[in-house]
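Counting starts at 1 for both ligands and their atoms, in listed order.
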Amino acid sequence: MGLLHDKVAVITGAARGQGEAEARLFHAEGASVILTDITDSGARIAEELGDRAVFCRHDVSSVTDWQQVAQVARDNFGRVDILVNNAGVTGYEPVDAIDPAAMQRYLDIHLFAALHGIQAMVPLMTAGGSIINVASTAALRGYPHYVGYGVSKWALRGLTRYASHDLVGRNIRINTILPGGVETPMLLRDDDGDLIDAARAAVPMKRFGTAEELAQTALFLASDRSSYTTGAEFVVDGGLNA
Ligand SMILES: NC(=O)c1ccc[n+]([C@@H]2O[C@H](COP(=O)([O-])OP(=O)(O)OC[C@H]3O[C@@H](n4cnc5c(N)ncnc54)[C@H](O)[C@@H]3O)[C@@H](O)[C@H]2O)c1
């Protein structure tokens, strides 16, 4: 029997990258999965997975869209056991030039989206539920020209710790994954040869992670194997921040 037998998982940003890998792995481990994304290509993945998989078009920054996801969960599966707040966007702006609207957008997609997700999904969650927030090793320190992305991931990390105290009484766990470089379109988009080679060489393992490796960490946190783990942070970066 799979590690997620009979569980219901909502995964945001599931049309590609880490979210897609999580949806595929969770489904293979027996979960019913609701794949959500702002782009419709997640529908193809849900169709491919077949039984126990549905797609919902979803902008994570929209409260109305979260209500729609809750409706899809209720209609199809009656409850939610696992929520992965995975959707994200990146970009480079220095602090003296970032447009406040761009800063707000990072916060909307990384911080407020997770808050909306918690508020929409917790009422559908049973005891033993698990919420996983995907932050970044950009929330461990500062970097040049990365203030919008980095600060919003720091905020998500903080939300997770505070939420763990408020949700523990309901027996709902909430944890953060902090990936380093992961070979997904988000990272490869910035592929300009020398820069990406230098970043790869700086990793003690001399490579970036794969979406599938990050999905394995999410699987541990989603499953009952992590039943004593809440408010915790998992750095998955090939040893870069060791
Ligand atoms: N790839 C890396 O190197 C890396 C490193 C650290 C953290 N992360 C984080 O991991 C998570 C997954 O990223 P990935 O590497 O799979 O990137 P990705 O770009 O491949 O996938 C991100 C997904 O999020 C979706 N998305 C973006 N905005 C959305 C919105 N408003 N509503 C719903 N969906 C939206 C995109 O359509 C896409 O499918 C992100 O939170 C990212 O910040 C990635």
Among all protein heavy atoms in this structure, tell me which lies nearest to atom 31 (N) of ligand 1, with the distance rounded to 0.1 Å.
Asp59 OD1, 3.0 Å
When rounded to the nearest 0.5 angstrom, what distance separates CG in Leu221 from CD1 in Ile82?
10.5 Å
Ion pair present between Arg161 and Glu233, side-chain N to carboxylate O less than 4.0 angstrom?
yes
Using a cut-off of 6.0 Å, state whether more than 12 heavy atoms not belonging to Phe112 lie near its atom CZ.
no
Of the options Glu29, Glu212, Glu48, which is the one that meets Arg24 in a salt bridge (charged side-chain N to carboxylate O under 4.0 Å, His left out)?
Glu48
Could Glu20 and Arg44 be called an ion pair, given the rule that one side-chain N must be under 4.0 Å from one carboxylate O?
no
Contact check: Val182 vs ligand 1, nitrogen or oxygen atoms, below 3.5 angstrom:
yes
For atom 33 (C) of ligand 1, what is the nearest protein heavy atom, given as residue, atom name and distance?
His58 O, 3.1 Å
Assess Glu183 for proximity to ligand 1: is some non-hydrogen atom of it under 4.0 Å away?
no
Looking at Phe77, I'd like to know if the NZ or CZ of Arg79 sits under 6.0 Å from its six-membered ring centre while staying within 45 degrees of the ring's axis.
no
Where is the nearest protein heavy atom to atom 27 (C) of ligand 1: which residue, which atom, and how far?
Gly88 O, 3.4 Å
Does Ala135 reach ligand 1, in the sense of a heavy atom lying below 4.0 Å from it?
yes
Heavy atoms of other groups near Arg207 CZ, more than 12 under 6.0 Å
yes
What atoms of ligand 1 come within less than 4.0 Å of a heavy atom belonging to Val134?
9 (C), 10 (O), 11 (C), 41 (O)
Consider every N or O of Thr137 and every N or O of ligand 1, then say whether any pair is closer than 3.5 Å.
no
When you compare ligand 1 with Gly181, is there at least one nitrogen or oxygen pair between them that comes in under 3.5 angstrom?
no
Identity and distance of the protein heavy atom lying nearest atom 29 (C) of ligand 1
Ile38 CG2, 3.9 Å
Per the side chain to side chain contact (heavy atoms under 4.5 Å, CB included) rule, which among Thr217, Asn86, Ile11, Val84 passes with Gln18?
Asn86
Quick check on Tyr162: does its OH atom have over 12 non-hydrogen neighbours (other residues, nucleotides or ligands) under 6.0 Å away?
no
Mark the output for Pro185 as yes if a heavy-atom distance to ligand 1 is under 4.0 Å, and as no if none is.
yes
Closest by any non-hydrogen atom to atom 4 (C) of ligand 1: pick that one out of Gly42, Ser136, Gly180.
Gly180
So, are Arg173 and Asp224 salt-bridged, with charged N and O less than 4.0 Å apart?
no
State the atoms of ligand 1, each with its element, that fall below the 4.0 Å cut-off from a heavy-atom position in Gly17.
16 (O), 20 (O)
For atom 28 (N) of ligand 1, what's the nearest protein heavy atom and its distance?
Val89 CG1, 3.6 Å
Take atom CZ in Arg170; do more than 12 heavy atoms of anything else shown fall under 6.0 Å from it?
no
Which ligand 1 atoms, with their elements, are less than 4.0 angstrom from a heavy-atom of Asn86?
11 (C), 12 (C), 40 (C), 41 (O)
Any idea which protein heavy atom is nearest atom 18 (P) of ligand 1, and the distance to it?
Arg16 NE, 3.4 Å
side-chain hydrogen bond (donor to acceptor under 3.5 Å, both in side chains) partner of Thr90, the single match among Tyr146, Tyr149, Tyr106:
Tyr146
Please check whether Thr184 reaches ligand 1 - meaning an N/O of the residue sits under 3.5 Å from an N/O of the ligand, judged on distance alone.
yes
Tell me the protein heavy atom at minimum distance from atom 36 (C) of ligand 1, and give that distance in Å.
Asp37 OD1, 3.5 Å
Quick one: look up the protein heavy atom nearest atom 10 (O) of ligand 1 and list residue, atom name and how far away it is.
Gln18 NE2, 3.0 Å
What about Tyr149: any of its N or O atoms under 3.5 Å from an N or O on ligand 1?
yes
